[in-house]
4 protein chains.
Amino acid sequence: MSRETVGMIFEAAVKVFAERGFDRAKMDDIAREAGVAKGTIYYHFTSKDELFTALMNHGLQKMKEYVRRRMDEVKQPTLKLRGLLEAEVSYLFQHGTFAKLLLAEVWSSNERQYEFRAHIHELESIIREVLEVGIQEGDFREINATETSIAIFGAMSVTVLQEVFRDIHLSGEELANTRTTPVVDMLEMLLHQGILKN
Amino acid sequence: MSRETVGMIFEAAVKVFAERGFDRAKMDDIAREAGVAKGTIYYHFTSKDELFTALMNHGLQKMKEYVRRRMDEVKQPTLKLRGLLEAEVSYLFQHGTFAKLLLAEVWSSNERQYEFRAHIHELESIIREVLEVGIQEGDFREINATETSIAIFGAMSVTVLQEVFRDIHLSGEELANTRTTPVVDMLEMLLHQGILKN
Amino acid sequence: MSRETVGMIFEAAVKVFAERGFDRAKMDDIAREAGVAKGTIYYHFTSKDELFTALMNHGLQKMKEYVRRRMDEVKQPTLKLRGLLEAEVSYLFQHGTFAKLLLAEVWSSNERQYEFRAHIHELESIIREVLEVGIQEGDFREINATETSIAIFGAMSVTVLQEVFRDIHLSGEELANTRTTPVVDMLEMLLHQGILKN
Amino acid sequence: MSRETVGMIFEAAVKVFAERGFDRAKMDDIAREAGVAKGTIYYHFTSKDELFTALMNHGLQKMKEYVRRRMDEVKQPTLKLRGLLEAEVSYLFQHGTFAKLLLAEVWSSNERQYEFRAHIHELESIIREVLEVGIQEGDFREINATETSIAIFGAMSVTVLQEVFRDIHLSGEELANTRTTPVVDMLEMLLHQGILKN
DNA sequence: TATGAATGAGTTTTCATTCAT
DNA sequence: GATGAATGAAAACTCATTCAT
């Protein structure tokens, strides 16, 4: 049963944390949502903080795996960048609650943040690696790969979040299906060629 | 004394809210920081929420004014975009605490968020307007101005935030002086010409 | 101006105290209602408690005077009791807010209560005196005047209060004009002849 | 333990509320008196208001049951009225704290009051029913049963309260044993035959 | 493993009172 | 006499965490 119980707590926690943010989320609500007693959560996690961290680590791990897997299918840098964007955008659309949590809590100031930002850095690193290879192979300009990767991550994540909030009634599945391509098209156009006419 | 008292509370509140985030900020700390009694805050603001909202509205108003003022100095769209970025980046560097608050709390889910996002939309609109003029005048490609402005806002703000966190020991003044130009250069290069080699 | 200011505070205080009860009444509300600054109340009364006590003493004094005056017009004990009831009922109807205050706060437990109950005793004494004269003059039975006067006061005041609450939309004037006679008739019938058929 | 804990909170609450009145009663005191932590009260009752309402509803329910039970033992209207008075007087003497609360808070103005007065009306209704039967069976005069029942309730309750306050050092048990009969005698004499000599 | 009643430190908010002008 | 900004003690309420069952 353990696996199942932990799973239900996880699901409930993502939902409640995303709805309310870390501080306004109550262990009571998570317990109710998960259909277990409050004590049960504490049997599996030592604290609210630990639960949250476990949650985010799990989510980020999954996201990184998903992105890496999808990217390994493509080789050419230009296409690789598109594949990467497609993977991240689609993942965040599918897990909108997780996306909210990600952006809302990275900037919140406390101990947790360090661990968090490390994870974000990893996501940025994936972008950076693609950029570096592209530069080396002569596909991309001699840009600052680190800074540019951060900017790209910002452009991508904020765009996704805006859409998630705008179409709050759509399911993650629907959002991912209908909005991924337009968003990635926009980003690709912007990133590849810039906005200048020639 | 009223003006002065409210001013001190404002300053103290920005600081404490930025250090801890809305939920972890204590009215006690704000009062101590402002050098007034806790009751005094409640004499001027009906609640913690009202104080926070007043604060953010004030900050966003100031930011918008600053940006608009700096932009009116430039006419040509290409240069105008640079002026805009320079203004926003420099403002956020100078008011790093406000910047943190801005990004951390927009995505946090509660009643406040709506008012907030409306302000963010205004900031995005400033970018959008520049894009639209640029498109009309033939300087920019036929891009989707709305979506692109969001992406640009994301790229800009996330980049600034990362730097603020990285160089946490630098004052806003120092950050603005040393980092504005490199960051704007990077963004301009990215946005103008994209990353493709030719 | 002093007389006027104190008068306005008095009026406002009766209203607010009656609406909310002593503890829930705020000095702020009284000040606003009176159209003066909060400090002004403290210039004239040393404390909320003193204001309240002054108020009640004043009200009870007025009531006693009113009752005694109306009663001196009648001589015969039987008619005197009716006159007394008429006076009290009519006064309480006209000053419904005061009546509420009277009954609600006599039983509230704190230091004030002693002074209060002393006043109530005086009101009961007026009844008792009438009963005693009536007994002596052979008009009334050999009843326990003290206890009976309390019972009569209870019957009268609770009846009035019920009507005040029931017809909450009527003005004191209207209530006094339309309800005094029926209520006094009922009480007189009850007290004079009892409910037994013969 | 639940039953016991709630019971202890109830007992403590009646005591503290009666000693201080609703507004001056502190949850801290109730908790101390009950020997539980403050949070425990909030685990069982959502607010001070809810605790108070639960308390009064419980008390009034008990009182009504007690009165109805004792009255069902008597059939003849004249005796029934005495039985009713005996039951109410004796109950209020035994639960003097509850009696104080009852009279002090019915007239205090807030949301609670409506629920309260509804209960009081029920107590008055019990009296009214007895009067109506008595009138129908020819034992009582053709009085207005509704208004008279209110007056009787007022006479009875105010009399009891006065005694409770006068002999503040006596236990409820002692008061009920020694004072019930004299008080009921007085009331019965007054109500049955009135005060006129013939 | 799972439960949920109990805890108490921590927080927001209220409001009578003061006092410099 | 009158003002109203400032105060701070007091109170209600919250909620992560514990622990006996």
Side-chain angles (χ1 to χ4, degrees), chain A residues 1-2 4-6 9 23-32 34-51, chain B residues 1-6 9 23-31 34-51, chain C residues 1-6 9 22-32 34-52, chain D residues 1-6 8-9 23-31 34-51:
Chain A
M1 292 278 141
S2 170
E4 267 179 56
T5 303
V6 171
I9 293 172
D23 284 299
R24 298 176 106 80
K26 294 183 224 164
M27 293 301 263
D28 267 303
D29 293 338
I30 297 174
R32 190 175 319 116
V36 301
K38 210 184 342 177
T40 308
I41 302 181
Y42 282 90
Y43 184 80
H44 294 284
F45 303 89
T46 50
S47 68
K48 185 183 179 183
D49 233 277
E50 206 223 53
L51 170 59
Chain B
M1 248 20 42
S2 169
R3 188 86 304 154
E4 272 177 54
T5 304
V6 170
I9 293 172
D23 284 300
R24 299 176 105 81
K26 294 180 234 166
M27 293 302 262
D28 266 309
D29 292 339
I30 297 175
V36 301
K38 211 184 335 177
T40 306
I41 303 182
Y42 283 93
Y43 183 78
H44 294 284
F45 302 91
T46 46
S47 67
K48 186 180 178 183
D49 233 276
E50 207 223 54
L51 171 59
Chain C
M1 293 281 138
S2 168
R3 191 86 306 159
E4 267 179 56
T5 305
V6 171
I9 293 172
F22 180 81
D23 284 298
R24 298 176 107 82
K26 295 183 222 165
M27 293 303 262
D28 267 304
D29 293 338
I30 296 174
R32 190 177 318 115
V36 301
K38 212 185 337 179
T40 307
I41 302 182
Y42 282 90
Y43 183 79
H44 294 284
F45 302 89
T46 49
S47 69
K48 185 182 179 183
D49 234 276
E50 206 225 52
L51 171 59
F52 185 73
Chain D
M1 240 72 351
S2 170
R3 187 86 305 154
E4 271 178 56
T5 303
V6 170
M8 305 197 68
I9 293 172
D23 284 300
R24 299 176 105 82
K26 296 180 232 165
M27 292 302 261
D28 267 309
D29 292 340
I30 297 175
V36 301
K38 207 184 342 176
T40 306
I41 303 183
Y42 283 94
Y43 183 77
H44 294 284
F45 302 90
T46 47
S47 67
K48 187 181 178 183
D49 233 275
E50 206 221 56
L51 171 59

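This one's a predicted model, so the numbers in the text were calculated from it and none came from an experiment. We name chains A, B, ... by the order of the sequence lines, and we start the count at 1 in each one.
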Distance, rounded to the nearest Å, where [X] contributes [atom1] and [N] contributes [atom2]:
X: A:Phe45; N: E:dA2; atom1: CZ; atom2: C1'; answer: 15 Å
X: C:Ile30; N: F:dG4; atom1: CD1; atom2: P; answer: 17 Å
X: A:Tyr43; N: E:dG4; atom1: OH; atom2: P; answer: 16 Å
X: D:Met8; N: E:dA6; atom1: CE; atom2: P; answer: 11 Å
X: A:His44; N: F:dA16; atom1: NE2; atom2: C1'; answer: 18 Å
X: C:Ile9; N: F:dG1; atom1: CD1; atom2: P; answer: 12 Å

Check: From A:Tyr43 OH over to A:Thr5 OG1, what is the distance, rounded to the nearest 0.5 angstrom?
Finding: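 Spacing of OH (A:Tyr43) from OG1 (A:Thr5) equals 10.5 Å.
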Next item on the list: Calculate, to the nearest 0.5 Å, the distance between atoms CZ and CG belonging to C:Phe22 and D:Asp23 respectively.
Entry: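 Between C:Phe22 CZ and D:Asp23 CG, I get 10.5 Å after rounding to 0.5 Å.
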Next item on the list: May I ask you to evaluate whether D:Thr5 reaches the phosphate of E:dA6, defined as a side-chain N or O under 4.0 Å from OP1 or OP2?
Entry: yes
Next item on the list: Under 3.5 Å for both distances, Watson-Crick or G-U wobble, that's the pair rule; now give the dot-bracket for DNA chain F, with | marking pairs to another strand and [ ] for crossing ones.
Entry: .||||||||||||||||||||
Note to self: Keeping A:Lys48 on the side-chain end and A:Ala25 on the backbone end, is there a donor-acceptor pair under 3.5 Å?
What the structure shows: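 At least one qualifying donor-acceptor pair exists.
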Check: Is D:Leu51 close to D:Ile30 at the side-chain level, that is, under 4.5 Å between some pair of heavy atoms?
Finding: yes
Next item on the list: Locate the shortest heavy-atom distance separating C:Ile9 from C:Thr40; write the atom from each residue and the value.
Entry: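 Nearest pair, atom of C:Ile9 first, then C:Thr40: CD1-O, 4.3 Å.
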Checklist line | Heavy-atom pair with the smallest gap, counting every atom of D:Ala31 and D:Ala37 | finding: CB-C, 4.1 Å
Item checked: B:Lys38: salt bridge (Lys or Arg N to Asp or Glu O under 4.0 Å) partners, not counting sequence neighbours ->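 Here the qualifying residues are B:Asp28.
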Margin query: Rounding to an integer number of angstrom, what distance separates E:dT1 and F:dT21 when you compare their P atoms?
Written below: 22 Å
Checklist line | Partner set under side-chain hydrogen bond (donor to acceptor under 3.5 Å, both in side chains) for D:Thr46, not counting sequence neighbours | finding: D:Glu50
Checklist line | Contact letters for nucleotides 8-14 of chain E, in which S counts primed atoms plus P, OP1 and OP2 and B counts the base, heavy atoms under 4.0 Å | finding: B-BSBBB
Notebook entry, point to check: With B:Tyr42, which residues qualify under side-chain contact (heavy atoms from CB on, under 4.5 Å), at least two apart?
Noted result: B:Met27
